[in-house]
Structures are given as C-alpha cells and as structure tokens.
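First comes the structure, then the notes that go with it.
Below, each value reflects all heavy atoms present in this structure, side chains not excepted, and no hydrogens, waters or symmetry copies. Quick caveat: nothing in here was measured; it's all calculated off a predicted structure.
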Amino acid sequence: MKLTKFQLFLSGVTVSLLTLTGAVGVYANVQKINAASSSSSEETNILAQDSPRREEPSKGEEGPPITTTSGPAEIALARHLKSLDAKFYGAYWCPYCHAQEQLLGKEAFAEINYIECDPRGKNAQTEVCMAANIKGFPTWEINNKFYSGLQSLDKLAEISGYQGDRNFQHSFPPRRGK
C-alpha cells in the first residue's frame with residue numbers, strides 16, 4: 001500500500017499534535033506538584049517554629065465521633081495526663097485509637113494532647129510523629145516513655161502515677177458485673 005504525500009503529511013501532523021498535547025499535560029502536572037510541594041514546605045516551616053497547632057481550622061479527615069460520656073474519674077485522669085504533657089499519637093482511621101477515645105469519653109478526651117499522625121487527618125502533625133519515631137497506633141508518650149497499643153484507664157493511671165479516683169465508668173477489658 002502506497003501512501004501519498006498528503007497522507008504522510010496528515011500522519012505527521014497527527015503525531016505532532018498528540019506529542020504536543022502529551023507534553024503540555026505532563027508539564028501542567030509538574031507545575032501543580034511544584035506548587036503543592038512549596039506550600040507543604042511552608043507548613044513544615046510553620047511547624048518548625050514550635051507552633052503546636054495552626055490557628056485557622058484545618059481541613060482533613062476525622063474519625064467517628066466519641067459517643068461515651070466521661071465520669072469525674074476519667075476527667076481527673078485526663079487532666080493529670082495533660083499536666084504531665086502526655087501525648088496520645090493516633091490516626092483518624094485507627095479502630096484502637098477510637099476505642100481509646102471511647103474509654104476516656106468525650107469530655108476527658110478533650111483534655112488529652114492528641115497528635116494526628118496521618119497526613120490526611122484533621123490537624124495532622126506528621127513531623128511530630130516522625131520525630132517521635134511512632135511505629136503504630138495508638139501510642140502514648142508519658143514521662144518520656146512510649147506505650148503502644150490500647151491501654152486500660154487503670155494502666156494509664158498506674159504508669160502516669162495518678163493518685164486520684166479510679167472509679168472509671170468505662171473499662172478495657174470490661175470489668176465483671178458491668
């Protein structure tokens with residue numbers, strides 16, 4: 001089959017247009033990636049200034065709501081942990097993190113220094129998690145020691161030196177008779 005000069009010309013134009021379209025698409029994405037990386041480096045600089053959280057509301061994923069209510073003992077334990085500057089490292093999608101939140105209850109958990117480690121999570125602080133070498137969730141940091149996994153409230157009281165009321169409403173594992 002013999003191609004005419006016109007058919008060769010059309011084939012050349014078609015290939016050129018496809019190449020040009022592909023190149024424009026690739027370079028347009030590079031500009032978007034560069035813009036995104038420069039804004040993330042600005043966020044890193046903001047975090048490097050020892051700013052615990054940004055003032056404006058942060059977008060991001062959130063886990064399920066805490067549905068349990070805290071009792072006086074849970075609130076007192078949470079305030080004790082806060083006074084020690086204890087940290088709770090977690091991820092919004094982590095079921096064990098949510099179970100830990102449920103054990104404390106809504107009011108007590110509001111007192112906890114929670115650090116979101118997943119970059120897609122609300123108020124994510126991934127740099128803090130990486131600096132602390134967090135390997136799994138949940139992880140508690142209390143008195144410069146790390147405790148991985150879901151912790152009972154009695155265990156948190158014990159390792160933190162909490163001396164207050166231990167009549168916790170929620171327990172893990174569940175107490176007999178409850």
Side-chain angles (χ1 to χ4, degrees), residues 28-157 159-160 162 168-174:
N29 283 334
V30 167
Q31 287 178 342
K32 287 180 187 175
I33 291 168
N34 285 339
S37 68
S38 68
S39 71
S40 69
S41 66
E42 289 171 16
E43 288 178 16
T44 302
N45 290 338
I46 290 170
L47 287 172
Q49 296 171 359
D50 292 330
S51 171
R53 296 210 183 203
R54 293 168 56 176
E55 293 299 321
E56 75 246 20
S58 176
K59 294 181 181 176
E61 299 286 332
E62 292 185 73
I66 302 170
T67 58
T68 56
T69 303
S70 306
E74 285 87 358
I75 294 170
L77 173 62
R79 288 182 177 155
H80 170 72
L81 291 167
K82 184 177 182 176
S83 75
L84 297 176
D85 195 29
K87 295 173 182 70
F88 176 63
Y89 299 92
Y92 70 91
W93 48 262
C94 167
Y96 298 105
C97 299
H98 182 64
Q100 190 76 74
E101 295 168 3
Q102 292 285 88
L103 282 174
L104 286 159
K106 187 175 187 174
E107 298 79 8
F109 192 74
E111 298 285 332
I112 297 296
N113 182 8
Y114 173 70
I115 299 174
E116 174 63 49
C117 293
D118 189 303
R120 296 168 298 177
K122 186 173 182 177
N123 299 317
Q125 299 180 59
T126 52
E127 293 85 3
V128 175
C129 300
M130 289 188 311
N133 201 26
I134 301 302
K135 301 281 188 213
F137 312 116
T139 297
W140 284 91
E141 181 181 359
I142 302 170
N143 294 325
N144 298 315
K145 293 183 181 175
F146 292 87
Y147 303 89
S148 297
L150 179 61
Q151 304 295 323
S152 71
L153 299 183
D154 286 318
K155 180 72 173 180
L156 288 173
I159 60 181
S160 69
Y162 174 69
F168 301 121
Q169 292 185 21
H170 313 288
S171 64
F172 174 80

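Side-chain atoms of Asp118 come within 3.5 Å of backbone atoms of Arg120 as a donor-acceptor pair (strictly under, hydrogens ignored). Side chain of His170 to backbone of Thr69: a donor-acceptor contact under 3.5 angstrom is found.
The shortest heavy-atom contact between Leu153 and Leu104 is CD2-CD2, 3.7 Å. Considering all non-hydrogen atoms of both residues, Ile75 and Glu107 come closest at CD1-CB, 4.0 Å. The shortest non-hydrogen separation linking Tyr92 to Gly121 is CD2-CA, 3.6 Å. Between Ile66 and Lys106, the closest heavy-atom pair is CG2-N, 3.4 Å. The minimum heavy-atom distance linking Ala73 with Tyr162 is given by the pair O-OH, 3.8 Å. Cys97 and Gly90 make their closest contact through SG-CA, 3.6 Å (heavy atoms, listed as atom of the first residue, atom of the second, distance).
Sorted by first and then second residue, the side-chain hydrogen bond (donor to acceptor under 3.5 Å, both in side chains) pairs with a member in residues 130-141 read Tyr89-Glu141, Gln100-Trp140, Asn133-Lys135; sequence neighbours excluded. Residue pairs meeting the salt bridge (charged side-chain N to carboxylate O under 4.0 Å, His left out) criterion with at least one member in residues 60-75, sequence neighbours excluded, are Glu62-Lys122.
A donor-acceptor pair shorter than 3.5 Å can be found between the side chains of Thr67 and Gln102.
To the nearest 0.5 Å, atom CD of residue Gln151 and atom CD1 of residue Ile142 are 7.5 Å apart. Here Ile112 contributes atom CD1 and Lys87 contributes atom NZ; the two are 12.0 Å apart, rounded to the nearest 0.5 Å. Taking CD1 of Ile159 as the start and CG of Leu81 as the end, the distance is 8.0 Å to the nearest 0.5 Å. Expressed to the nearest 0.5 Å, how far CG of Asn113 lies from CD of Gln125 amounts to 7.5 Å.
Residues Leu77 and Ser160 are in side-chain contact: their nearest non-hydrogen atoms beyond the backbone lie under 4.5 Å apart. Side-chain contact between Ile115 and Cys129: present, with at least one pair of heavy atoms (C-beta onward) separated by less than 4.5 Å. Inter-residue side-chain proximity for Leu103 and Leu156 is flagged as unmet; no heavy-atom pair is nearer than 4.5 Å.
A perpendicular orientation is assigned to the rings of Phe88 and Phe109, their planes being inclined by more than 60° (bins at 30° and 60°).
Summarising the local packing, OH of Tyr147 is surrounded by more than 12 heavy atoms from other residues, nucleotides or ligands at distances under 6.0 Å.
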